[in-house]
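First comes the structure, then the notes that go with it.
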Amino acid sequence: MAATWSWWTSPTRASSGSASRAAAKPAPCPSRPCATAWSASSCARCGASRPWKRPERPARRSAPSEPWPGALHIYSSGDPPMTIVTRFAPSPTGYLHIGGARTALFSWLLAKSQGGEFLLRVEDTDRERSTQEATDAILEAMEWLGLTAEGETVFQSQRFHLYNSYIDTLLAKGHAYWCQCTPEEVEAMREQARAAGKKPKYDGRCRELGLGPGAGRVVRFKGPLDGVTGFDDMVKGPTSVQNAELDDMILRRSDGAPTYNLAVVVDDNDMDVTHVLRGDDHVANTPRQILLYKAFGWRVPKFGHVPMILGPDKAKLSKRHGALSVMEYKKMGYLPEALVNYLARLGWSHGDQEIFPREDLLRLFNTNNLGKSPSVFDLKKLEWLNAHYIKESTPERLAALLPEYLADAGETAGLNLDPGYLAGIVPLLQPRAKTLVEMADMARFFLVPANALAYDDKAVAEQLTPEARRLLADLLPIYEAAQDYRDHKALEARTQAFLDARELKFKAVAQPLRVALTGKTASPGLFETMCVLGRDESCARIKRALVL
RNA sequence: GUCCCCAUCGUCUAGCCUGGUCCAGGACGACGGCCUUUCACGCCGUUAACAGGGGUUCAAAUCCCCUUGGGGACGCCA
């Protein structure tokens with residue numbers, strides 16, 4: 001039954017668990033022919049040092065529910081329940097973008113929701129395009145999102161010897177061969193196939209030549225020529241391809257560097273990865289990787305491919321759609337929990353729930369509810385979530401965040417950035433700001449001294465009419481005499497009493513007073529604002545407004 | 001070109017596996033209203049979708065087939 005297998009190939013369809021299991025951990029020393037198991041950190045026999053050491057793991061806990069749904073046949077019934085291990089494997093060729101962040105989040109959730117482990121591996125085998133800056137940027141973004149990985153980060157560039165020793169293994173087992181075809185020759189083959197209306201691929205002409213190593217030669221995988229390779233994708237369901245569609249992929253480049261497919265398989269096996277969640281663009285690689293697992297005799301992990309994220313025009317999200325980098329969203333004033341909530345909800349759901357604090361995500365996440373069609377990134381909804389989390393946040397936290405945004409927006413010299421003062425302002429802005437950038441902007445008038453307050457010309461002209469000024473002038477002594485600047489209701493009551501005595505409506509002073517206090521026609525509540533400003537500052541502003 | 005995948009309101013989605021409870025539910029947005037000292041918040045309401053066509057069935061958003069549309073892959077990139 002389809003739903004119960006993890007992977008299979010035909011005609012030798014899914015040869016049952018025992019074989020795979022026997023070949024599973026512990027990993028042998030990669031220095032073939034040495035096949036001893038690793039000791040603490042080095043091979044007991046040949047002394048090779050183990051390149052990556054997993055942190056001490058407690059005895060395998062039993063996962064809450066179904067730890068590896070549909071994969072039980074891989075393990076004999078006597079096996080202890082497994083710990084889910086996932087990983088995020090970005091290649092450091094740029095910043096962490098929204099799509100990558102989402103797959104990282106899903107991988108993290110998959111592991112963490114089941115008490116498993118989430119690992120990080122940097123796929124920097126391409127020396128040309130990988131940079132340290134990109135690595136740092138990705139790590140920074142992961143940290144900002146709170147997606148912390150267990151153990152040390154694995155860098156593929158430091159493990160070339162490991163990959164090569166495994167390539168040797170494949171060569172020795174007859175699952176790989178040396179190929180002397182030049183890139184040009186291969187390109188010609190592809191061109192020919194394309195012209196013939198067939199799938200462009202390497203024709204395998206060196207497959208049976210029995211070549212050895214040599215300058216310019218690569219090592220290719222000797223894949224099956226017929227049959228089918230399939231797997232049960234965690235998000236897409238059963239998926240399969242004809243092996244004839246696959247060509248003999250290169251495992252080792254002519255410069256000795258391993259290729260992606262080989263390195264991924266070696267590393268995922270070495271790191272004990274049980275579940276691989278990655279972008280849609282990797283589906284086509286999966287059968288190739290499964291074939292590699294089989295050739296090595298390793299346990300095949302469970303795979304899941306999440307669809308990509310589209311821009312508003314339904315085209316693949318790209319730079320012209322604006323911010324792509326996760327850190328760009330931080331700059332725009334979004335809270336990490338808002339982005340996480342938004343990303344989680346983009347392609348995943350739990351009934352009608354929209355608001356997902358981290359704890360809910362950890363409690364509710366499962367791959368069954370991952371959607372399989374691509375989704376469009378909607379900034380409006382992110383804004384709404386951000387506004388929600390701004391309201392939920394503590395004033396102290398937001399107050400601490402604010403100076404950074406104030407600085408981004410302009411000069412901060414002369415601004416009152418006292419944390420306590422800021423924390424007093426924030427509650428007035430929480431229901432109004434959708435982003436921290438907006439909040440910083442709205443907070444500005446609170447922070448400058450009366451003599452430096454910027455007044456909006458139009459507001460002054462329209463609101464500070466001669467009679468409005470007379471009213472403010474009469475009100476001033478009342479505010480100067482008032483002691484209760486901790487209680488905005490009391491200030492309001494004094495104002496109301498003043499108006500009642502003159503039989504005036506509140507509207508008569510509201511906007512003039514607002515302009516005098518804030519320089520603008522839109523602001524938080526008048527008396528709350530006065531309380532935050534304090535008596536001296538409030539009165540100084542009214543005085544200044546009177547002489548504008 | 002070849003292979004693979006996807007398809008419910010403008011957007012994110014529930015429902016689809018286990019057909020009837022769905023003249024399709026929620027949310028964002030938009031629009032209108034209420035509240036109100038401004039701006040917001042909040043509250044109430046309106047708008048709007050099963051891509052098309054064939055089957056199967058008493059009954060289909062749900063199962064099957066085809067078409068169309070979209071996407072991905074086909075690298076000595078990852």
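Chain letters run A, B, ... following the sequence lines, proteins first, then strands; residues in each count from 1.
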Rounding to an integer number of angstrom, what distance separates [N] and [M] when you compare their [atom1] atoms?
| N | M | atom1 | result |
| --- | --- | --- | --- |
| B/C44 | B/C6 | C1' | 38 Å |
| B/C17 | B/A60 | C1' | 15 Å |
| B/A14 | B/U8 | P | 10 Å |
| B/U21 | B/A61 | C1' | 15 Å |
| B/C28 | B/U47 | C1' | 14 Å |
| B/C50 | B/A40 | P | 35 Å |
| B/G71 | B/C35 | P | 49 Å |
| B/A27 | B/C39 | C1' | 25 Å |

- Starting at the 5' end of nucleotides 61-74 of chain B, put B wherever the base has a protein heavy atom under 4.0 Å, S where only the sugar-phosphate does, and a dash everywhere else. ----------SSSB
- Per-nucleotide protein contact along nucleotides 34-42 of chain B, 5' to 3', at a 4.0 Å heavy-atom cut-off (B base, S sugar-phosphate only, - neither), is ---BBBBS-
- Could you list all the side chain to side chain donor-acceptor pair (under 3.5 Å) pairs where at least one residue sits in residues 181-190 of chain A, not counting sequence neighbours?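 Applying side chain to side chain donor-acceptor pair (under 3.5 Å) to every pair that reaches into residues 181-190 of chain A, excluding sequence neighbours, yields A/Thr182-A/Glu184, A/Thr182-A/Glu185.
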- Query: Which pairs pass side chain to side chain donor-acceptor pair (under 3.5 Å) with one or both residues in residues 338-352 of chain A, sequence neighbours excluded?
  - Reply: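 Non-adjacent pairs meeting side chain to side chain donor-acceptor pair (under 3.5 Å): A/Asn341-A/Tyr389, A/Arg345-A/Glu354.
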- Mark yes or no for a side-chain to base donor-acceptor pair under 3.5 Å between A/Glu354 and B/G26, with no hydrogen or angle criteria applied.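 Such a pair exists between side chain and base.
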- Check whether the side chain of A/Lys381 and the base of B/C12 form a donor-acceptor pair under 3.5 Å.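 Such a pair exists between side chain and base.
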Could you check how far [atom1] of [X] sits from [atom2] of [N], rounded to whole Å?
| X | N | atom1 | atom2 | result |
| --- | --- | --- | --- | --- |
| A/Leu346 | B/C28 | CG | C1' | 12 Å |
| A/Asp233 | B/C17 | CG | P | 20 Å |
| A/Asn341 | B/C12 | CG | P | 16 Å |
| A/Asp352 | B/C22 | CG | P | 14 Å |
| A/Trp178 | B/C76 | CH2 | C1' | 13 Å |
| A/Asp232 | B/C17 | CG | C1' | 13 Å |
| A/Phe377 | B/U11 | CZ | P | 16 Å |

- With sequence neighbours excluded, give me every salt bridge (Lys or Arg N to Asp or Glu O under 4.0 Å) pair touching residues 502-525 of chain A.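 Applying salt bridge (Lys or Arg N to Asp or Glu O under 4.0 Å) to every pair that reaches into residues 502-525 of chain A, excluding sequence neighbours, yields A/Asp474-A/Arg502.
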- Check every strand shown and say whether A/Arg252 touches a base, only sugar-phosphate, or nothing at a heavy-atom separation below 4.0 Å.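 If one applies the 4.0 Å heavy-atom cut-off, A/Arg252 turns out to touch nothing in the nucleic acid.
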- Query: Which is true for A/Ser349 with a 4.0 Å heavy-atom rule: it touches a base, it touches only sugar-phosphate, or it touches nothing?
  - Reply: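 Sugar-phosphate contact only.
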Side chain to side chain donor-acceptor pair (under 3.5 Å) partners for [X], two or more places apart:
| X | answer |
| --- | --- |
| A/Asp280 | A/Lys236 |
| A/Arg358 | none |
| A/Thr495 | A/Tyr479 |
| A/Lys434 | none |

Which base sits across from [N] as a Watson-Crick or G-U pair, both distances under 3.5 Å?
| N | answer |
| --- | --- |
| B/U68 | B/A7 |
| B/G20 | B/C58 |
| B/C74 | B/G1 |
| B/U46 | B/A30 |

- Task: Compute the ring centroids of A/Tyr293 and A/Phe221, then answer whether they are less than 6.0 Å apart.
- Result: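 No, ring centres 6.0 Å or more apart.
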- Query: What pairs with A/Asp441 under salt bridge (charged side-chain N to carboxylate O under 4.0 Å, His left out), at least two apart in sequence or on another chain?
  - Reply: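 Testing A/Asp441 for salt bridge (charged side-chain N to carboxylate O under 4.0 Å, His left out), a comparison that skips the adjacent residues, returns none.
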- Would you tell me if any nitrogen or oxygen in the side chain of A/Ser375 comes within less than 4.0 Å of OP1 or OP2 on B/U13?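 A/Ser375 to B/U13 OP1/OP2: side-chain N or O found under 4.0 Å.
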- Message: For a quick test of reading the model: is some side-chain N or O of A/Thr125 closer than 4.0 Å to OP1 or OP2 of B/A78?
- Response: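 A/Thr125 to B/A78 OP1/OP2: side-chain N or O found under 4.0 Å.
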- Does anything in residues 243-269 of chain A pair up under ring-ring contact (aromatic ring centres under 6.0 Å, His included), and if so which pairs, sequence neighbours excluded?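 As it turns out, the ring-ring contact (aromatic ring centres under 6.0 Å, His included) pairs with a partner in residues 243-269 of chain A, which skip direct neighbours, are A/Tyr260-A/His282.
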- Query: Using 4.0 Å as the upper bound for N to carboxylate O, is an ion pair formed by A/Lys489 and A/Glu492?
  - Reply: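 Salt bridge flag = no for A/Lys489 with A/Glu492.
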At a cut-off of 3.5 Å, list every protein nitrogen or oxygen paired with a nitrogen or oxygen from nucleotides 7-9 of chain B, distance to 0.1 Å.
none

- Query: Side chains of A/Thr229 and A/Asn243: is there a donor and an acceptor less than 3.5 Å apart?
  - Reply: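 Note: A/Thr229 and A/Asn243 side chains meet the donor-acceptor criterion.
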- Query: Hey, what's the ring geometry for A/Phe303 with A/His305, parallel, tilted or perpendicular (30° and 60° as the breaks)?
  - Reply: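 Aromatic pair A/Phe303/A/His305 classed parallel.
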